[in-house]
Number of protein chains: 2
Amino acid sequence: MTAGAQSPRARYREQTRAEIKDIALRQLAEGGTAAVALTRIAKEVGLSGPALYRYFDSRDALLTDLIRDAYADLAAAVGRAAGALDESRPRARLHALAGACRSWAVAQPHRYLLIQGTPVPGYTAPPDTLDSARAVLGPFLPAFAAAEPSESVRPMVAQMTEWAAKDPVVAEWARAHVPAGAEGAALAGGVLGWTSLHGAVGLEVSGQFEGMGHTGDTLLAAQIDALADSFGLD
Amino acid sequence: MTAGAQSPRARYREQTRAEIKDIALRQLAEGGTAAVALTRIAKEVGLSGPALYRYFDSRDALLTDLIRDAYADLAAAVGRAAGALDESRPRARLHALAGACRSWAVAQPHRYLLIQGTPVPGYTAPPDTLDSARAVLGPFLPAFAAAEPSESVRPMVAQMTEWAAKDPVVAEWARAHVPAGAEGAALAGGVLGWTSLHGAVGLEVSGQFEGMGHTGDTLLAAQIDALADSFGLD
DNA sequence: TCGCAACAGTTAGAGACTGTAACTCTTTCG
DNA sequence: CGAAAGAGTTACAGTCTCTAACTGTTGCGA
């Protein structure tokens, strides 16, 4: 996409940007967001300090780029998993998609924490991460096409139905994944699914279950099954 | 506890420590962990830079202290909520306790994020936070005394039963809150409850549901009800 | 083919921060 | 009352972000 090789200069520029990001990702993995330091990256690339500002406006811009990439990457992983799915088994679909998210996160915890971790109060995410977030969540929605929400989640479904009625953009997005009339349930399922996923994967990835006698996949499976139960899914 | 006033010097020392922590908390609220800076605190206290190192060994030590306080505070809030509870209604118990956690977190998001947010790779929490974590989670366990786990959570219960069999400390802890034989279900309930709570509250507090058409309490209630359903609680 | 604008890189340096060293003054206490 | 412990100071080393001002190099249009 966006044309591979333009001028040789532009190509070299892209290459350097990529190298910078690679090193930044390594620093991120080694010491978290705080450990990403332009000066050290520069030293490693063989440039001297301020030269990096030719490639990224600021340290924040670099991190933003990493966030964008991670979101897109996760969305792609989920999309790939959604490709080979049997439409008729909603519960299995949820397990497969949630499992794909978890696998992605466990394989590269630092990147998951980057997009899902504690936000810096001042920082606002780039608007296109919202698109990516929708791309991640979208494939979950069809699972709720024939949902029969239980008492427990009905208030949630009601609020989401109302939301869809007010916000045409969201309504349209829901309708792209689910037959008319099921928007409320689908949105509720999406939000609750995202919540369960965030809970299980977030705790696993941040190591808070270290030394406890359960495995991450069992925990996630239990959460997803409970969700499926709440919506009466097969 | 630990004797209020000893020498006047010790008292003054405690007072200064408290003042430092207060300012640190304000900085935390304003700009997240990264915004807590000893030099700026010193300026505000009226001391000059290095003087703060008389009170805290390092910036990390200060943050650790804040974490310890926050944990203890949350545990206290949950303990208080657990005080006035009807033993016979497990589902209501879960809602009350989870609601107490959420209220605490929503009232002071920065402190919740401090203890529950992204960990710094190098950092290891002080061991007594584990006690506090148990103090937070303990009151949830009695709700699962008469649980009848559904298919969905049974693998989880099995793993936790096995864990209790292997780790006598954990088994004893569970038995302090629940009759013999229910340890597995109680531990599973605790872990799943913590997961649901973390998912719902974490997303709410970090503002990721901004502009979505649901409220934090409805989301949490749905999660907790689903959990209660999974364990066949009244 | 030449010339110049855009680009890539440099050094110097300001300003914020953490943390150490060495030193002075004050309190406490035996 | 005198010495040790404590509270504070300045000076400084080192890391980091980012700006300013300057130099060399590319590439493209006339």
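Heavy atoms only: backbone and side chains are in, while hydrogens, waters and symmetry mates are out.
- With dC16(D), dT10(C), dG9(C) as the choices, the nucleotide that has an atom nearest any side-chain atom of Arg54(A) turns out to be dG9(C).
- The base of dG27(D) has none of its N or O atoms less than 3.5 Å from a complementary donor or acceptor on the side chain of Arg9(A).
- A salt bridge between Arg26(A) and Glu30(A) is present, with a side-chain N of the basic residue lying under 4.0 Å from a carboxylate O of the acidic one.
- Nucleotide dT10(D) holds its C1' atom 14 Å from the CG atom of Leu47(B), rounded to whole Å.
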### Task
Go through the steps to decide whether Trp173(B) and Val178(B) satisfy the test side chain to side chain contact (heavy atoms under 4.5 Å, CB included), and finish with yes or no.
CA-CA 9 Å; Trp173(B) 176 64; Val178(B) 113; over 6 Å; no
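- Atom CD1 of Ile41(A) and atom C1' of dT17(D) are 12 Å apart (whole Å).
- In this structure, Lys43(A) atom NZ and dG9(C) atom P are separated by 17 Å, rounded to whole Å.
- Residue contacts shown for Ala37(A) are limited to sugar-phosphate atoms, with no base heavy atom under 4.0 Å away.
- Heavy atoms of Val45(A) sit nowhere under 4.0 angstrom from any nucleic acid atom.
- Leu52(B) places its CG atom 11 Å from the C1' atom of dT18(C), with the value rounded to the nearest Å.
- Computed from coordinates, the Asp60(B) CG to dG19(C) P distance equals 7 Å when rounded to whole Å.
- Atoms CZ (Phe56(B)) and C1' (dA7(D)) sit 15 Å apart, rounded to a whole Å.
- Here the side chain of Pro50(A) is nearest to one of dA12(C), dA8(C), dT18(C), namely dA12(C).
- Distance Arg17(A) CZ to dG9(C) P: 13 Å, rounded to the nearest Å.
- Ring-plane geometry between His198(A) and His198(B) is classed as parallel, the angle between the planes falling under 30 degrees on a 0 to 90 degree scale with a further cut at 60.
- For the atom pair Ile67(A) CD1 and Ser132(A) OG, the distance stands at 11.5 Å (nearest 0.5 Å).
- Contact check on Lys166(B) versus Glu162(B) returns a salt bridge, with a Lys/Arg side-chain nitrogen under 4.0 Å from an Asp/Glu carboxylate oxygen.
- Put simply, Tyr55(A) has no side-chain N or O that comes within less than 4.0 Å of OP1 or OP2 on dA8(C).
- Residue Arg40(A) places its side chain closer to dC16(D) than to any other of dC23(C), dC18(D), dC16(D).
- OP1 or OP2 of dA8(C) has at least one side-chain nitrogen or oxygen of Arg13(A) nearer than 4.0 Å.
- Thr39(A) has a side-chain polar atom (N or O) that falls below the 4.0 Å cut-off from OP1 or OP2 of dC16(D).
- One finds no side-chain N or O of Ser48(B) lying less than 4.0 angstrom from the OP1 or OP2 phosphate oxygen of dG8(D).
- The residue among Leu38(A) and Thr16(B) whose nearest nucleotide of DNA chain D lies closer to the 5′ end is Thr16(B).
- The side chain of Tyr53(A) approaches dT19(D) more closely than any other nucleotide in the set dT19(D), dT18(C), dC29(C).
- Checked for salt-bridge contact, Arg111(A) and Asp69(A) miss the test: no charged N lies under 4.0 Å from a carboxylate O.
- Here Tyr12(A) reaches the OP1 or OP2 of dG9(C): one of its side-chain N or O atoms lies under 4.0 Å away.
- Rounded to an integer number of Å, the gap from CZ of Arg11(A) to C1' of dG27(D) is 14 Å.
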